[in-house]
Amino acid sequence: QVQLVESGGGLVQAGGSLRLSCATSGRTFSSYNMGWFRQAPGKERQFVAHISSSGGSTYYADSVKGRFTISRDNAENTVFLQMNSLKPEDTAVYYCAARYYSGGSYNARDTRAYRYWGQGTQVTVSS
């Protein structure tokens, strides 16, 4: 069982930055691939970024590429999402998600690929 707790959300002006954190429980954090997703009111949850269990591979949605950076600290059992040049359309609840690494291929963009989810943190970008 893995518990995920997001933090770092808030209200920021367009062009500003925020750094989200997702702290996890358990002693096997380094065995999990991690993802960030977001959900705006009335919309489906959408993929933002993914990082492999080792941190050696990252993958981003086109809408955030070049502005957001996903990283992880396996010693601290935490995954981060650095968000720069924020836009009003980035406003959403941001969720982190975990998938146990067992080899094989999967669609990192698909919410069904992840077994564990945090409760979310609100990010609001004003224009």
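Computed from heavy atoms alone, side chains included, the values below leave out hydrogens, waters and symmetry copies. Remember, predicted model here, so these are calculated numbers, not experimental data.
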By ring pair (Phe, Tyr, Trp, His ring centres under 6.0 Å) - contacts of F37 (at least two apart): F47, Y114, W117
S63 side chain to A61 backbone, donor-acceptor under 3.5 Å: no
Counterpart residues, salt bridge (charged side-chain N to carboxylate O under 4.0 Å, His left out), relative to R38 (two or more places apart): D90
Side-chain touch M34/R72, heavy atoms, less than 4.5 angstrom: yes
Qualifying residue, where the test is side-chain contact (heavy atoms from CB on, under 4.5 Å) with Y101 and the options are S52, S53, S54: S53
Approximate separation, where rounding is to 0.5 Å, of N107 CG and H50 NE2: 10.0 Å
Could you give the side-chain donor-acceptor pairs of residues 14-26 under 3.5 Å, partners two or more places apart or in another chain?
residue: S17; atom: OG; partner: N84; partner atom: OD1; Å: 2.9
residue: T24; atom: OG1; partner: N77; partner atom: O; Å: 3.0
residue: S25; atom: OG; partner: Q3; partner atom: N; Å: 2.9

Where at least one partner belongs to residues 79-100, residue pairs that pass ring-ring contact (aromatic ring centres under 6.0 Å, His included), sequence neighbours excluded: Y32-Y100
Any donor-acceptor N or O pair under 3.5 Å, side chains R109, Y59: yes
For K43, salt bridge (charged side-chain N to carboxylate O under 4.0 Å, His left out) partners two or more places apart: none
Closest non-hydrogen atom pair between V48 and F68, with its separation: CG1-CD2, 3.8 Å
Residue pair E6 / W36, side-chain heavy-atom distance below 4.5 Å: yes
Residues that Q122 engages under side-chain contact (heavy atoms from CB on, under 4.5 Å), provided they are two or more places apart: T91, V93, T124
Approximate separation, where rounding is to 0.5 Å, of I51 CD1 and C96 SG: 12.5 Å
R99 charged N/C atom sitting above Y116 aromatic ring, 6.0 Å / 45°: no
